[in-house]
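Chain identifiers are assigned alphabetically (A, B, ...) following the order of the sequence lines, protein sequences preceding nucleic acid strands; residue numbering begins at 1 within each chain.
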Amino acid sequence: MGASPKLAAVVPASRLEVRATPEMVSSGLAQLDSLTGGLARGCLTEICGTASSGRTSILLFALARATERGEVCALVDTGDAFDPASAAAAGMEMSRLLWVRCGEKYPSRKPPSAGRRTNSRSEELPGKRSPGLHPEGQRWESRLGQVLKVTDLLLQSNGFGMIALDLGDVPMASARRIPLASWFRFRRAVEHTPTVLLVLERQPIAGSCSSMLLKVSGAKKLSAIRCQLSGKPPMHAELSHAELLDQFEITVELMCSRLERKLERKPVQSTRASFQSRAAWAG
Amino acid sequence: MFACIFIPDFSVQAIVRFEPELRGRSVAVLGGGRPPLEKVVALNERARQSGVEVGATKSQLEAWENLVLRARSESQESSAHAALLDCVQSFSPEVEDTSPGIVLLNLAGLEPLLGPLPKIASNLSQHVSQLGLEAYIAMAANPDAALLAARGLPGVTLIPEGREAERLGNLPVDVLLESFSSTFSSGFSSFPSDVEQAARWSETLDRWGIRKLRALAALPEVPVSERLGQQGIRLQQLARGAVQRNLRVWEPQLIFAESVELEHPIVLLEPLAFLLNRMLEQLCARLSARALAAQELRLELKLSASQVNDDASFAETPTYKLAGKIDQKFTRTLSLPTPMLDARVFLKLLQLDLQAHLPGAPIVKIDLSAQPARPRALQSGLFQPVFPEPEKLELTLARIAGIVGEGRVGSVELLDTHREGGFAMRHFAPVEPALKLRTKVKSSGNRKKDEENMSMQGNEKTCELAESHAENIKINGEEKMSAVIALRLFRPPLVASVTVREAKPVQLCCLDREDIAGEIVWTAGPWRSSGDWSEQEGWSREEWDIAVSSDNEQLVLYRLVQDRLSGKWFVEGMYD
């Protein structure tokens with residue numbers, strides 16, 4: 001029996017849901033904003049980069065601008081690496097930043113109770129613990145367990161304008177042990193909220209759960225030193241301290257964005273933006 | 001008109017208020033002697049119907065299988081009475097604290113505000129029942145008539161003016177004399193203040209065959225005066241409901257405290273949580289009756305001197321065993337950033353706090369008090385950024401502290417020192433930026449005008465926020481819109497082995513981190529700093545900024561520090 005002509009015009013319910021374009025909020029860096037359109041609320045954004053690439057500078061600057069807007073922000077610091085002086089120099093309003101220092105002082109008073117359902121998420125990474133793990137790996141695993149649990153709590157409590165997970169010191173072997181289910185859970189939790197969820201890491205780990213992936217690469221001046229080191233003609237024969245730290249050049253590459261349909265897959269040619277940073281003592 | 005609230009079997013009801021599961025069961029309260037010489041001093045109606053009598057000894061009560069015995073608790077009685085006083089305060093400003101379980105209040109002029117008298121009586125009954133107490137309520141034109149009616153007539157009684165003698169006439173004389181004996185100690189009522197005298201009168205009236213108040217009221221005054229004196233005349237006037245007096249107004253003290261004495265010491269947190277829940281609910285109800293909230297909660301636990309039983313059954317239970325050093329009193333104070341009034345939030349906060357700080361010995365008494373404060377009144381603006389709810393945020397912070405450890409979550413306050421790591425962790429209590437944001441949404445052209453407008457308001461805080469805002473805008477100009485190079489600290493600093501050539505570090509090797517090693521290809525420094533010379537913890541150091549070539553040909557910038565007092569080198573952080 002054929003469908004009624006009237007019914008043929010009806011759009012199936014499955015097609016009705018269109019993901020609303022998320023609200024974008026400025027990162028405070030004009031070049032970065034022009035590249036990405038800002039940071040998306042209700043989405044997970046990954047910022048990855050190697051050591052001394054400038055990723056922490058970007059993170060702190062974005063947090064500082066959010067606190068200046070009057071938003072309450074949280075920094076989940078896996079490696080306890082946050083420098084309050086750098087944050088203050090970036091203009092952070094300290095009273096609006098919740099700093100969670102994950103570390104060794106874990107109060108393991110709560111014994112696993114008999115006859116009660118144990119919370120697999122609570123103490124360590126679920127289902128990933130291996131007995132032969134290196135002590136350093138176990139240390140990071142314990143910290144990551146704290147990070148996941150704290151992030152869950154922060155996302156559930158609502159009201160935060162920006163939540164940043166600093167996994168910059170976590171070795172990749174440990175970071176990859178975070179189950180994808182956790183990232184999916186974070187993505188679902190942050191969806192439909194005005195929170196910007198930022199993850200700072202060495203390499204991308206959230207997979208398809210992140211809405212935007214930014215890769216921060218090292219400074220040009222550093223490559224100049226490398227040239228000097230390898231005997232090639234350097235771009236700058238001699239670098240003063242002020243030149244290096246006060247005009248530290250950071251390059252951001254938009255690797256992937258799922259915010260717009262046209263950028264759902266990795267673009268053939270990544271778009272980049274460069275900008276200079278300044279040293280804290282430069283004023 | 002006056003109203004009287006009478007709680008029958010007050011000692012029993014005060015206990016049942018804290019143990020609601022006893023409602024509907026036969027309960028007898030023991031007291032008046034040291035064990036095993038205790039006797040029944042109070043019992044509820046159900047126990048009375050089953051044949052239990054006041055004065056029975058504990059051994060005599062063994063025949064009743066379903067009878068629940070409890071020791072008399074003065075603290076619970078005073079908590080219940082305080083709750084009752086708080087409740088009636090929300091109806092009338094003139095309240096008399098007559099005796100435990102009896103409260104009088106003046107309703108004159110309250111009808112336009114609270115409705116007709118039957119409605120007021122119904123509301124009173126409802127509010128008192130919410131406290132976990134069952135009350136007899138009576139209203140009459142004078143306080144003593146209301147008191148007698150409440151004591152003698154169950155439920156709600158309304159005596160119209162002029163018909164006091166008629167309505168009180170059927171009450172037994174014992175009601176009058178019981179009122180006399182129970183209220184003499186307070187000295188508030190018109191009743192004569194002599195228990196022995198009351199007993200003599202009871203005997204005399206019984207001999208005369210006077211059983212009801214109507215018969216007492218009908219006696220001729222002169223013979224009564226000849227035989228019982230002036231107090232006899234007073235008693236007769238009370239029986240007629242014809243005594244007029246003013247209430248002795250009770251001045252409320254804003255002390256919100258609940259207390260429970262335990263028959264058996266508590267050694268587990270779970271049963272403690274049950275008790276705390278009840279106490280918090282009562283506390284919140286009392287605060288709510290006065291339109292107040294709690295700014296601070298103080299929990300004081302009296303601990304038993306005996307050691308914790310190390311029975312295996314405790315270890316198998318799914319809660320935590322209390323163990324540790326023994327102290328007589330254990331006190332915890334929860335300071336809340338904003339006034340709150342949510343028993344569930346308080347309970348969770350106390351639970352989390354107790355999990356982190358175990359009392360250390362069995363608990364025999366619980367005292368819980370709240371510092372009252374005016375509730376938070378705040379209306380969020382339309383353009384205000386999202387802000388966490390204070391209650392939810394407080395719970396989240398307590399839970400996070402349970403995960404990462406106390407003192408490892410909060411906001412940072414930079415200290416006025418040049419010493420590295422000069423900061424302190426503070427409790428996270430952000431302030432909503434209502435005024436600040438209002439200026440931010442304005443266009444920059446009107447900024448100066450806005451600042452002027454705001455400064456005209458005369459509010460110091462407003463001016464402060466405006467100034468701070470203006471300063472921010474100034475700083476946030478083009479000049480500041482570049483990221484500041486951030487430092488990632490290593491806590492604690494990594495001990496390093498450094499090769500120095502021509503007074504400059506040239507090779508770095510970190511003992512704890514293999515990846516931080518290599519040739520130093522660029523250096524800047526040293527920058528010397530020192531401080532606290534006059535203190536024992538004086539410090540002196542040299543800072544270097546260095547670039548190190550790592551194995552994968554990447555250059556990483558570090559901050560290298562030499563402690564000039566010990567000569568040791570440390571890698572303090574990484575520029576990123």
key: Lys/Arg-Asp/Glu bridge criterion (N-O < 4.0 Å) met for Glu543(B), Arg541(B)   = yes

ask   = Given that the side chain runs from C-beta out, which part of Leu397(B) has a heavy atom under 4.5 Å from chain A: side chain, backbone, both or neither?
value = side chain

key: Proximity breakdown for Leu487(B) and chain A, heavy-atom pairs closer than 4.5 Å   = both

ask   = Is there any ring-ring contact (aromatic ring centres under 6.0 Å, His included) pair reaching into residues 395-422 of chain B, and which pairs are they, with sequence neighbours excluded?
value = none

message = Given 3.5 Å as the limit, does a donor-acceptor pair link the side chain of Ser26(A) with the main chain of Gly38(A), or not?
response = no

ask   = Heavy-atom distance under 4.5 Å to chain B: side chain of Thr193(A), backbone, both or neither?
value = neither

request  = Could you look at Leu98(A) and say if it's the side chain, the backbone, both or neither that has a heavy atom under 4.5 Å from chain B?
outcome  = both

key: Among Leu414(B), Thr396(B), Asp576(B), Leu395(B), residue most engaged with chain A (heavy-atom pairs, under 4.5 Å)   = Asp576(B)

task = Could you have a look at Arg426(B), Lys392(B), Glu413(B), Arg491(B) and say which one has the most heavy-atom pairs with chain A under 4.5 angstrom?
result = Arg491(B)

task = Answer with side chain, backbone, both or neither: which region of Phe428(B) has an atom nearer than 4.5 Å to a non-hydrogen atom of chain A?
result = side chain

task = Could you tell me whether Arg488(B) and Asp166(A) have a side-chain N and a carboxylate O separated by less than 4.0 Å?
result = yes

key: Among the listed options Leu154(A), Val72(A), Asn158(A), Val100(A), the residue most often paired with chain B at heavy-atom distances under 4.5 Å   = Val72(A)

query = Heavy-atom distance under 4.5 Å to chain B: side chain of Ser157(A), backbone, both or neither?
reply = both

inquiry  = Could you report the tightest heavy-atom contact between Leu557(B) and Ser52(A), atom names first, then the distance?
reply    = N-OG, 2.8 Å

task = Please report the closest heavy-atom contact between Ala51(A) and Val556(B), naming both atoms and the distance.
result = CB-CG1, 3.9 Å

task = Could you tell me whether Arg101(A) and Asp80(A) make a salt bridge, using a distance below 4.0 angstrom between a side-chain N and a carboxylate O?
result = yes

note = Whatever's closer than 4.5 Å to a heavy atom in chain A on Ile400(B) counts as both

